[in-house]
S.K.: 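Shown below is the structure under consideration.
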Amino acid sequence: MMQIRELLLYGKNGKIRSIKFRVGKLNIITGESKSGKSAMADIIDYCLGSKSCNVPEGIIRDEVSWYALLLQFSKEQIFIARENSGAKQQSSSKCYYEIGENIDIPKSASWLPNTNVEGIISVLNNYLGITENLFVPPKGQTRKPFEVNVRHALKFCFQGQDEIASKNLLFHEQANPYVLQSIKDSLPYFLGAIPKDVLILKENLREKKRELNILERKINDDKLINNDVKSISLLKEASAVGLINDINYSLDENQCIDILKDLSNYKIDSLKDIKVDSVDISVLQKELEDEQFKLSILEEKIFSAKQYSKELNGYGDEIRHQKVRLESIGLFENLNYSPNKCPFCSNDIHSSMPEIETLKKSIIDLDNSLTNVTKEFPKIESYIEELNKKKEVVMNKISLLKGEIDAIYNVEDDKKSIIDLNARKAKVLGRISLWVDSIENMPSNENNNKKIALLKSEIKKIQNKIDQNTIKDNLTSILSKIQFDMTEWARLLNLEYSNYPYRYDPKKATVIVDKERPVELSQLGSGSNWVGVHLITYMAFHKQFINKKSPIPNFLFLDQPSQVYFPSSENDMDMEAVKSIYSFLNDQVNSYKGKMQIIIVDHAQLDASYFKDNVIETWRFNNKLVPMDWYNTNK
């Protein structure tokens, strides 16, 4: 339950204007025009999370700093205040709220804002019981899903001065963009045709379906385990990895099971049949590298020796050539000649000549060098031959090492192949062991079958609750009850065609009278009929809201329901119609025994007790929403 206990204006002058309402009663404020009556609805709506401040420009916007409400719930109260946006801004997001069993109204607006508009909406959703929900439009429609909140609920709690007597608009703010569609979409939820906990139900449905799938899959697996086709399949796998020879397909189920039981005890041979040298391959690789290094040294020495031999041979050839030239003149035959005579022509030499001994020594050295070169050739050839023999030994050792290493790698490849085969065998044996254990310890599925039956029953119940056809049926049933009340009350208020059924059309969001042909609200004549249709429709809705314990605030604000009768001549017929309206509303509030609150602001002033007893304030003779001394302060 949510009703309004008090409305407060906190003035910039530090003063407070308070209007106290009676909970669960009819509350009437009667007064003159321009006294601020209609502004009350805008103030209430603003405090309850409206995006914009629609309070009229003037003294209220100029002199009020904060608007506030004291809301009454079943066991607690919520004080909500929202900063006045002033004349220059559309709205303010600064809000303050306080929750308690009996709240002491703050004596001044000295609080610090502790939330924003979204926070206020969230608090009200929580206290009204608007749970997580998501309306998803039908397939093929382009509008986006939306979540119902208190702002949607408030469309059924107000009838403004320009709305209550309208023939074209039935709901509060219906003329604003997208509002009409949101009313159509959210009304089934508020009327109880859609479960309030629809999202929770959908989550439960998903969880139960998941649990059902697990149980059904387990039973299907158990059936497959008991199926002889499964045993044959396992035998085929065993044959493919060499665990058994070819399969005899004439075996019956029991024979297959016996073979598989034997295989479940099969032990895979280790690698004992493959003898692997214990030599560490890294040692062999290191030895191979050393021998390859020795080989490279030997090849370098052989190359150097051959180069030396080649060069020495060239040197010897040059010496032999020179000796042949000297021998041709007989120089080596006679080394004794006259110092002053040319040794070649025996003529006198007048210039100085090298000493004969020096020349003689050079010729002897040339002959000795030739002799030494001749002696060196056999030694070099012997050295090269020795190096080649060492090279051959090293190359043989390298060949042996490579063969040994390759042999080890080949053994490792064989091991890998056997390991792979053993892994495949182990995988098949694992499936066989699991299958044998399963058939030997197969539990009864009786309990699982019972759980499945229970889950299917619960799933069906949830599906019925959220099924679109079920929702349509629920809505049709509820609207038939609303139609019954509307028709009865149309007769009570003596509306036009009251001898025909009145009903609400959810597709067109209007009221239709079922005559020989359907007559919509816009086709009914006179303002008195339009007001009457609005009243019976809203009261029929609120009756269902209360019966269904809907998360709708339990108040209805009506702005001047008697306007169609005034200021026309106050004849007896007009006064009787006004009295009928107030008598009807008073009876409706009393029938709900505190569960409904109606707040009416109006020009009318009746002598009847059901009117006078419910008047909480009279705004005449300078008595207004904003006190006159606030005006005087402004002056």
S.K.: Does a donor on one side chain and an acceptor on the other come within less than 3.5 Å for Glu76 and Tyr127?
M.R.: yes
S.K.: Test salt bridge (Lys or Arg N to Asp or Glu O under 4.0 Å) on Lys209 and Glu216 and set out the steps.
M.R.: CA-CA 10 Å; Lys209 282 185 175 181; Glu216 288 181 336; over 6 Å; no
S.K.: Is it true that Trp111 and Tyr97 have ring centroids separated by less than 6.0 Å?
M.R.: no
S.K.: Does atom NZ (Lys184) have a neighbourhood of more than 12 heavy atoms from anything else shown, all under 6.0 Å?
M.R.: yes
S.K.: Is the shortest side-chain N to carboxylate O distance from Lys75 to Glu101 below 4.0 Å?
M.R.: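 Looking at Lys75 and Glu101, the cut-off is not met.
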S.K.: So how far is it from Ser186 OG to His152 NE2, rounded to the nearest 0.5 Å?
M.R.: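 If we round to the nearest 0.5 Å, Ser186:OG and His152:NE2 are 6.0 Å apart.
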S.K.: Check the side chains of Asn396 and Glu392 for a donor-acceptor pair under 3.5 angstrom, ignoring hydrogens and angles.
M.R.: no
S.K.: Ser457: which residues meet the side chain to side chain donor-acceptor pair (under 3.5 Å) condition with it, sequence neighbours left out?
M.R.: none
S.K.: Under a 4.0 Å N-O cut-off, is there an ion pair linking Asp45 with Arg151?
M.R.: yes
S.K.: With a 4.0 Å cut-off, would you call Lys208 and Glu211 a salt bridge?
M.R.: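 Judged by the 4.0 Å cut-off on N to carboxylate O distance, Lys208 and Glu211 do not form a salt bridge.
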S.K.: Are any of the side-chain nitrogens in Lys294 or Asp290 under 4.0 Å away from the carboxylate oxygens of its partner?
M.R.: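 Judged by the 4.0 Å cut-off on N to carboxylate O distance, Lys294 and Asp290 do not form a salt bridge.
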S.K.: Could you check whether Arg82 makes a cation-pi contact with Tyr96, meaning its NZ or CZ is under 6.0 Å from the centre of the six-membered ring and within 45° of the ring axis?
M.R.: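 Geometry flag: not set, cation outside 6.0 Å or 45°.
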S.K.: Which residue, Leu295, Leu298, Leu400, forms the side-chain contact (heavy atoms from CB on, under 4.5 Å) with Met395?
M.R.: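 Of Leu295, Leu298, Leu400, side-chain contact (heavy atoms from CB on, under 4.5 Å) with Met395 is met by Leu295 alone.
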